[in-house]
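When reading the values below, keep in mind they use all heavy atoms of this one structure, side chains included, and skip hydrogens, waters and symmetry mates.
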Amino acid sequence: MLEQYQQTVSNIIRNNKRHYNQVINIALSQQRSNGVFKYAVIGVLQQIYDDLLGLLRSLDPNQITPETKSLVVSAYDDVVNEIVEHALNTHRTSCALSNFADEHKPSQEYIADVLLQAQHDWHKFTEQASGLLSEK
């Protein structure tokens with residue numbers, strides 16, 4: 001069960017990396033370039049959290065033990081860093097974003113602002129996830 005769960009989490013993250021690229025393309029096609037890094041990172045992380053909460057709801061309560069609860073939550077380790085790293089690599093290598101210096105190479109302040117919001121959202125997500133797990 002746990003191996004399948006971790007594979008599903010990996011698939012959710014991988015699919016949302018592709019979704020991130022789509023969000024960027026749509027934003028640029030709509031000539032929206034200001035704040036697109038923050039908009040896309042936070043939006044994709046929220047989608048990942050929604051997907052993960054849905055996955056938690058689908059788990060069989062009979063398969064959740066106190067030991068597996070910590071393993072289930074550990075499957076989420078580094079999701080924020082993984083998405084932010086993907087986003088920064090995407091922005092730094094994007095020809096389209098090279099026309100927008102603040103988006104092509106986000107400043108440390110801009111990245112810190114995004115990480116602060118991501119951390120806030122992460123805490124909300126972990127509270128919801130813990131609540132779901134405690135119900136099982």
Side-chain angles (χ1 to χ4, degrees):
M1 174 223 137
L2 205 51
E3 188 175 309
Q4 180 182 4
Y5 178 81
Q6 289 173 325
Q7 183 61 42
T8 303
V9 170
S10 294
N11 288 340
I12 288 170
I13 293 168
R14 184 176 49 257
N15 290 340
N16 276 285
K17 284 180 180 179
R18 284 194 292 268
H19 179 64
Y20 182 88
N21 296 342
Q22 293 169 340
V23 169
I24 295 300
N25 290 336
I26 290 168
L28 291 174
S29 73
Q30 296 171 345
Q31 299 191 7
R32 178 181 179 178
S33 61
N34 190 24
V36 73
F37 173 68
K38 183 175 184 177
Y39 167 79
V41 167
I42 299 304
V44 165
L45 285 172
Q46 189 57 56
Q47 183 61 53
I48 289 171
Y49 300 155
D50 290 347
D51 292 347
L52 294 175
L53 289 172
L55 181 59
L56 282 176
R57 287 183 189 98
S58 72
L59 293 177
D60 180 356
N62 297 322
Q63 293 182 320
I64 302 295
T65 66
E67 297 82 38
T68 59
K69 284 182 183 182
S70 65
L71 294 173
V72 165
V73 172
S74 73
Y76 310 141
D77 286 350
D78 294 327
V79 70
V80 171
N81 290 336
E82 190 172 341
I83 294 301
V84 170
E85 184 177 313
H86 172 78
L88 289 171
N89 287 335
T90 299
H91 283 245
R92 290 178 181 142
T93 59
S94 169
C95 290
L97 286 169
S98 67
N99 295 316
F100 311 102
D102 292 342
E103 297 297 328
H104 185 60
K105 294 183 180 176
S107 69
Q108 290 301 318
E109 294 85 18
Y110 188 13
I111 295 169
D113 180 50
V114 172
L115 288 173
L116 186 63
Q117 179 66 48
Q119 182 181 25
H120 172 75
D121 294 348
W122 171 254
H123 286 295
K124 286 185 357 187
F125 163 72
T126 57
E127 287 174 5
Q128 290 175 310
S130 294
L132 285 172
L133 286 171
S134 68
E135 293 172 4
K136 296 204 176 266

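- Applying the salt bridge (Lys or Arg N to Asp or Glu O under 4.0 Å) definition to pairs two or more places apart or across chains, those involving residues 81-91 are K17-E82.
- Heavy atoms only, all atoms of each residue included: L56 and A129 are closest at CD1-CB, 3.5 Å.
- One finds the CG atom of N99 at 9.0 Å from the NE2 atom of H104 (value rounded to the nearest 0.5 Å).
- Distance check, rounded to the nearest 0.5 Å: CG of N11 to CD of Q4 gives 10.5 Å.
- One finds the CG atom of L88 at 10.5 Å from the OG1 atom of T93 (value rounded to the nearest 0.5 Å).
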Starting from the C-alpha separation in whole Å, work towards a yes-or-no answer on side chain to side chain contact (heavy atoms under 4.5 Å, CB included) for V36 and F100. CA-CA 10 Å; V36 73; F100 311 102; over 6 Å; no
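- Residue S58 holds its OG atom at 11.0 Å from CG of L53, rounded to the nearest 0.5 Å.
- Atoms CD and NE2, from Q117 and H120 in turn, are 6.0 Å apart once rounded to the nearest 0.5 Å.
- Heavy-atom contacts from other residues, nucleotides or ligands closer than 6.0 Å to CG of N34 number 12 or fewer.
- The backbone N or O of E127 sits nowhere less than 3.5 Å from a side-chain atom of S130 that would complete a donor-acceptor pair.
- Counted by atom type alone, R18 and N21 present zero donor-acceptor pairs between their side chains at under 3.5 Å.
- With values rounded to the nearest 0.5 angstrom, H91 atom NE2 is found 12.0 Å from D102 atom CG.
- Using bins of under 30°, 30° to 60° and over 60° for the plane-to-plane angle, the ring pair Y110/F37 lands in the perpendicular bin.
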Report, one line per pair, each donor and acceptor closer than 3.5 Å where one atom sits in a side chain of residues 38-48; sequence neighbours left out.
{"unit_1": "K38", "atom_1": "NZ", "unit_2": "D113", "atom_2": "OD2", "d": "3.0"}
{"unit_1": "Q46", "atom_1": "NE2", "unit_2": "D50", "atom_2": "OD1", "d": "3.1"}
{"unit_1": "Q47", "atom_1": "NE2", "unit_2": "D51", "atom_2": "OD1", "d": "2.7"}

